[in-house]
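All remarks here apply to the structure that follows.
Bear in mind that the values here come from a model prediction, so they are computed numbers and not experimental data.
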Amino acid sequence: MSERVGTGAGSAAATSENGTSPVPAADGTPPAPAPDTATAEPVGGPETRTADIVPGPGGVMTDEVGVVTGELTLRTEFAAGQVTLRVQYREADEWYSVTGGRVALPDVSGLDAVHGVAVALLHRPEG
């Protein structure tokens with residue numbers, strides 16, 4: 001018998017010999033349903049990448065508050081086939097959507113490349 005780690009916090013579900021049918025745990029607890037890995041979101045929310053940036057003199061335009069300047073953190077999120085760029089003042093709690101910072105991305109494997117391009121475009125500490 002093999003063991004498959006579930007998506008819940010620390011949960012594990014056993015599978016049958018052929019690896020297809022979940023079986024109850026030793027204590028009789030029914031197994032959690034397996035997520036559809038083709039469409040399931042990562043546990044805890046969207047897949048993200050972050051980087052500290054200092055934008056150029058024009059700052060970064062956001063949908064919620066307009067231009068933000070100074071020391072920022074850029075977060076690139078992948079969820080439901082879409083990438084969204086957000087920024088926050090370093091160490092702040094609020095995140096703001098970058099204006100025009102949304103694009104379709106068919107697979108999460110492209111997230112690192114998109115994040116790298118976003119950082120390269122927005123991080124301009126020398127002006």
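- Here the closest non-hydrogen pair linking Arg90 and Thr73 is CG-OG1, 3.4 Å.
- Heavy-atom minimum distance, Val68 versus Pro55: O-CG, 4.3 Å.
- Here CZ of Arg86 is found 11.0 Å from OG1 of Thr76. Values are rounded to the nearest 0.5 Å.
- Rounded to the nearest 0.5 angstrom, Gln88 CD and Leu72 CG are separated by 9.0 Å.
- Side-chain contact between Asp52 and Glu71 is absent, with no heavy-atom pair separated by less than 4.5 Å.
- For the atom pair CG (Leu85) and OG1 (Thr62), the distance works out to 12.5 Å, reported to the nearest 0.5 Å.
- One hydrophobic cluster, built from ILVMFWY side chains closer than 4.5 Å, holds both Val103 and Val108.
- Val119 and Tyr96 fall within a single hydrophobic cluster, where Ile, Leu, Val, Met, Phe, Trp and Tyr are joined by side-chain heavy atoms under 4.5 Å apart, directly or via other members.
- The two residues Thr48 and Glu77 make their nearest non-hydrogen contact at CG2-CG, 3.8 Å.
- Linking ILVMFWY residues whenever their side-chain heavy atoms come closer than 4.5 Å, directly or via other members, leaves Val67 and Val98 in distinct clusters.
- Linking Ile, Leu, Val, Met, Phe, Trp and Tyr whenever their side-chain heavy atoms come within less than 4.5 Å leaves Val65 and Val54 in two separate clusters.
- Atom CH2 of residue Trp95 and atom OG1 of residue Thr84 lie 12.5 Å apart, to the nearest 0.5 angstrom.
- In this structure, Val83 and Phe78 approach most closely via the heavy-atom pair CG2-CD1, 4.2 Å.
- With Glu64 contributing its side chain and Ser97 its backbone, the two residues share a donor-acceptor pair below 3.5 Å.
- The distance from atom CG of Asp63 to atom CZ of Arg102, rounded to the nearest 0.5 Å, is 7.0 Å.
- Considering all non-hydrogen atoms of both residues, Tyr89 and Thr69 come closest at CE2-O, 3.2 Å.
- Between Leu105 and Gly110, the closest heavy-atom pair is CD2-C, 3.8 Å.
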